[in-house]
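Structure, as structure tokens:
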Amino acid sequence: MTISNQNHQINFKKSLLLILFIISFFGFSQNKKENPKFKVIAFYTAKNDQAHISFVHEANKYFPKLAAENHFQYDSTSNWDNLNAKFLSKYQVVLFLDTRPEKKEQRDAFQKYMENGGGFIGFHFSAFALNNSSYNQDWNWYHNTFLGSGEYGSNTWKPTSAVLRVENQHPVTKNLPKTFSSAPNEWYRWSNDLTKNPDIEILLAIDESSFPLGTGPKAHEIWHSGYYPVVWTNKKYKMLYVNMGHNDIDYEGGTNKTLSYTFENKTQSQLILNALLWLGNSKKK
């Protein structure tokens, strides 16, 4: 064999080894991407009120992008029968985007999931309960013990931005300014006084500079004073409730077009990302 042929074979082997190394490294990188840090499952209904439907569609477009950027997995389902122990065991965080479970077996499965250290974020309408409505206050553990809010009291109208104030330092409020302007939203008042509940830690409240909040036309839909928590956690669970989740819709013009988007507000979206990372990376109790 000539020296030239020997060199050719050596170079060929080196090239082959390099190719195999690149392939194995690429496969390792792909495998890392396919193993997310944690998994999130969002439940939704998206059938009532265009403002809530708009938010659900926005969330289901926004969260997959956020998941890809931050190395977690986001799935969503409108099948509330998936709220069972076997299905939930695959996920570290559950989101309720617009409503709550109605069947007893679904509710029991969710309660056990939370009591066993699961993570949760509920948005806006997920806390709604009002007797003699389609969403009666018939789940005491969820509305009084877990969320602490009790029954729905009233709301502002039309959806408007508010100045929100950080009330307590927490992983969810990390790197947030003391006050910031929110995306337009319909703001809720509740029957229970959250400040008197020792299990509840209020993280954001409406700042006084927001008043008057709302435009009416009904006088009671405009708030002029008061203390209104909008983001809080129950210290006995890995959870967060976020009052935001109601996009502004052109009802008056009759087009039903979306006029504002919840996740276009960068500061508010940072809070949601903080919450997901806090819940997803936390160890189970």
Side-chain angles (χ1 to χ4, degrees), residues 41-63 74 76-83 94-103 106-107 110 120-139 142-143 147 149-162 164 182-191 206 210 213-223 228-232 240-265 268-269 272:
I41 180 66
F43 289 85
Y44 65 90
T45 303
K47 289 183 178 179
N48 297 311
D49 192 330
Q50 187 58 38
H52 301 158
I53 295 170
S54 172
F55 170 74
V56 167
H57 291 330
E58 181 192 2
N60 281 331
K61 290 178 181 177
Y62 176 78
F63 281 125
Y74 176 82
S76 61
T77 178
S78 60
N79 181 4
W80 288 85
D81 285 331
N82 282 329
L83 207 59
V94 169
L95 309 184
F96 289 175
L97 294 181
D98 62 341
T99 45
R100 63 181 194 187
E102 295 300 323
K103 295 179 182 177
Q106 297 167 356
R107 293 178 172 186
F110 177 69
F120 170 78
I121 304 176
F123 291 92
H124 191 62
F125 195 71
S126 66
F128 184 91
L130 181 64
N131 284 324
N132 301 315
S133 77
S134 299
Y135 299 91
N136 286 324
Q137 209 302 64
D138 56 6
W139 191 10
Y142 180 73
H143 291 288
L147 293 173
S149 51
E151 203 173 352
Y152 161 87
S154 67
N155 62 269
T156 61
W157 193 258
K158 182 172 185 291
T160 48
S161 175
L164 304 182
S182 73
N185 189 58
E186 174 193 47
W187 304 101
Y188 284 157
R189 179 180 66 82
W190 305 98
S191 62
I206 292 173
S210 300
L213 185 61
T215 62
K218 298 174 183 177
H220 71 270
E221 294 173 335
I222 306 172
W223 293 349
Y228 303 98
V230 295
V231 177
W232 65 83
L240 193 75
Y241 173 72
V242 178
N243 193 181
M244 293 76 95
H246 181 114
N247 291 341
D248 189 14
I249 302 294
D250 182 26
Y251 293 129
E252 292 81 358
T255 68
N256 276 5
K257 288 183 178 179
T258 300
L259 302 177
S260 72
Y261 291 92
T262 298
F263 294 108
E264 284 186 349
N265 185 289
Q268 188 172 282
S269 295
I272 302 302

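Keep in mind that what you see is a predicted model, and the values were worked out from it rather than measured.
Rounding to the nearest 0.5 Å gives a distance of 9.0 Å between CG of D248 and OG1 of T258. The distance from atom OG1 of T255 to atom OH of Y251, rounded to the nearest 0.5 Å, is 10.5 Å. Rounded to the nearest 0.5 angstrom, T156 OG1 and Y188 OH are separated by 9.5 Å. Rounded to the nearest 0.5 Å, atoms CG (L95) and CD1 (I41) are 8.5 Å apart.
In terms of the side-chain hydrogen bond (donor to acceptor under 3.5 Å, both in side chains) criterion, residue partners of N243 (sequence neighbours excluded) are, by chain and number, H124. With sequence neighbours excluded, the residues satisfying salt bridge (Lys or Arg N to Asp or Glu O under 4.0 Å) with K103 are D81. By the side-chain contact (heavy atoms from CB on, under 4.5 Å) test, S269 is found to be paired with Y62, F263, residues two or more places apart in sequence or in another chain being considered. Here S134 pairs with nothing under the side-chain hydrogen bond (donor to acceptor under 3.5 Å, both in side chains) rule; sequence neighbours left out. Scanning for side-chain hydrogen bond (donor to acceptor under 3.5 Å, both in side chains) contacts around Y142 gives an empty result, with sequence neighbours left out. In this structure E102 satisfies the salt bridge (Lys or Arg N to Asp or Glu O under 4.0 Å) test together with R100, R107, sequence neighbours excluded.
The closest donor-acceptor contact from the side chain of W232 to the backbone of L147 lies under 3.5 Å. For S126 (side chain) and F123 (main-chain N/O), a donor-acceptor pair under 3.5 Å exists by modelled atom type. Judged purely by atom type and a 3.5 angstrom limit, T45 has no side-chain atom pairing as donor or acceptor with the backbone of K47. Panel note: side chain Q268, backbone A183; a donor-acceptor pair is recorded below 3.5 Å. Under the 3.5 Å distance criterion, the side-chain polar atoms of E58 are matched with a main-chain donor or acceptor of T262. Within the 3.5 Å criterion, the main-chain N or O of L259 finds no donor-acceptor partner in the side chain of N247. No donor-acceptor pair closer than 3.5 Å links the side chain of S154 to the backbone N or O of R189.
Note on ring orientation: taking the six-membered ring where Trp is involved, the planes of F128 and F125 are parallel (angle under 30°, cut-offs 30° and 60°).
Residues Y135 and Y152 place their aromatic rings such that the two centres sit no closer than 6.0 Å. Centroid-to-centroid, the aromatic rings of H246 and W157 come within less than 6.0 Å.
Between F43 and T77, some side-chain heavy-atom pair lies under the 4.5 Å cut-off. Side-chain contact between E186 and D49: absent, with no pair of heavy atoms (C-beta onward) separated by less than 4.5 Å. For the pair M244/W187, a side-chain contact is recorded, criterion being any heavy-atom separation below 4.5 Å from C-beta on.
Between A59 and Y74 the shortest heavy-atom distance is O-OH, 4.2 Å.
Counted by atom type alone, S210 and W223 present zero donor-acceptor pairs between their side chains at under 3.5 Å.
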